[in-house]
*Asks:* 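Mind having a look at this structure? Questions to follow.
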Amino acid sequence: MKLLKVVSTFFVATVMAMTISACAPTATTESTGNYIDDTVITAKVKSALLEAKNLKSREISVETFKGRVQLSGFVSSSEDVTRAIQITKGIKGVNTVINSIKLR
């Protein structure tokens with residue numbers, strides 16, 4: 001009986017450890033919390049870009065991974081690129097901005 005209790009305790013501990021470690025982030029994946037944080041950052045950046053006047057922000061795509069925001073798409077001037085980057089850097093939670101915006 002004592003052996004059964006030890007084996008079942010070990011089994012439960014092993015299952016719990018595997019479950020917890022499966023949710024942990026790695027260098028190429030995000031935890032659930034990080035994914036939600038990045039989704040919020042992306043939404044805030046898109047919203048701020050849409051509010052900017054004289055910026056065709058609908059042609060700018062925003063992707064976020066662990067606080068690093070990548071802007072891509074097309075704009076008509078280098079001033080628009082600079083403005084989009086400045087707006088993005090002003091959003092809380094943005095650590096780095098990667099500019100992949102092309103001039104058209």
Side-chain angles (χ1 to χ4, degrees):
M1 191 68 163
K2 190 173 184 180
L3 178 64
L4 179 62
K5 187 175 182 179
V6 170
V7 170
S8 64
T9 303
F10 176 75
F11 179 73
V12 169
T14 303
V15 169
M16 288 178 63
M18 290 174 58
T19 303
I20 291 171
S21 67
C23 296
T26 65
T28 57
T29 62
E30 292 180 295
S31 68
T32 304
N34 286 349
Y35 179 79
I36 292 170
D37 291 345
D38 286 344
T39 303
V40 170
I41 292 170
T42 300
K44 287 181 179 180
V45 170
K46 286 182 178 182
S47 177
L49 291 174
L50 283 172
E51 289 175 4
K53 295 182 179 176
N54 300 327
L55 180 64
K56 293 185 178 180
S57 58
R58 295 184 194 274
E59 296 185 22
I60 299 175
S61 181
V62 179
E63 293 182 32
T64 308
F65 182 73
K66 294 187 177 183
R68 293 175 39 214
V69 178
Q70 180 174 4
L71 302 175
S72 58
F74 298 96
V75 295
S76 56
S77 70
S78 59
E79 291 81 19
D80 288 347
V81 174
T82 303
R83 235 167 111 211
I85 292 170
Q86 288 175 343
I87 291 168
T88 302
K89 286 182 178 179
I91 303 299
K92 184 181 176 185
V94 174
N95 300 329
T96 307
V97 178
I98 301 167
N99 176 24
S100 298
I101 299 174
K102 306 287 184 202
L103 292 177
R104 196 184 290 184

*Asks:* Taking all non-hydrogen atoms of both residues into account, name the closest pair between Ile87 and Ala52 and its distance.
*Replies:* CD1-CB, 3.6 Å

*Asks:* Can you tell me how far apart CD1 (Ile60) and CG (Leu50) are? Round to the nearest 0.5 Å.
*Replies:* 9.5 Å

*Asks:* When rounded to the nearest 0.5 angstrom, what distance separates CG in Asn95 from NZ in Lys66?
*Replies:* 11.5 Å

*Asks:* For Lys89 and Val97, work out which heavy atoms get closest and say how close.
*Replies:* CG-CG2, 3.6 Å

*Asks:* Looking at Arg104, I want to see if its CZ is surrounded by more than 12 non-hydrogen atoms of other residues, nucleotides or ligands under 6.0 Å.
*Replies:* yes

*Asks:* Grab the two heavy atoms, one from Ile41 and one from Gly67, that are nearest each other, plus how far apart they are.
*Replies:* CD1-CA, 4.4 Å

*Asks:* Would you give the length of the straight line joining atom OG1 of Thr64 to atom CG of Asp37, rounded to the nearest 0.5 angstrom?
*Replies:* 10.5 Å

*Asks:* For residues Leu103 and Phe74: do they belong to one hydrophobic cluster (side chain heavy atoms under 4.5 Å, members Ile, Leu, Val, Met, Phe, Trp, Tyr)?
*Replies:* no

*Asks:* To the closest 0.5 Å, what do you measure between CD1 (Ile98) and CZ (Phe65)?
*Replies:* 10.5 Å

*Asks:* Between Arg68 and Glu63, does any NZ, NE, NH1 or NH2 come within less than 4.0 Å of an OD or OE carboxylate oxygen?
*Replies:* no

*Asks:* Using modelled atom types only, decide if a donor and an acceptor are shared between the side chain of Ser47 and the backbone of Ala43 within a distance under 3.5 Å.
*Replies:* no

*Asks:* Out of curiosity, Leu71 CG to Ile101 CD1, how far, rounded to the nearest 0.5 Å?
*Replies:* 4.5 Å

*Asks:* Do the side chains of Val69 and Val81 join up, straight or via other hydrophobic residues, at under 4.5 Å, putting them in one cluster?
*Replies:* yes

*Asks:* Is there a side-chain contact between Thr88 and Val62 (heavy atoms, below 4.5 Å)?
*Replies:* no

*Asks:* Is there a donor-acceptor pair under 3.5 Å between the side chain of Ser100 and the backbone N or O of Ser72?
*Replies:* no

*Asks:* Val75 and Ile85: same hydrophobic cluster, using ILVMFWY side-chain contacts below 4.5 Å?
*Replies:* yes

*Asks:* Using modelled atom types and a 3.5 Å cut-off, is there a donor and acceptor pairing between side-chain atoms of Ser77 and backbone atoms of Asp80?
*Replies:* yes

*Asks:* Nearest 0.5 Å, please: how far is NZ in Lys46 from CG in Leu49?
*Replies:* 10.0 Å

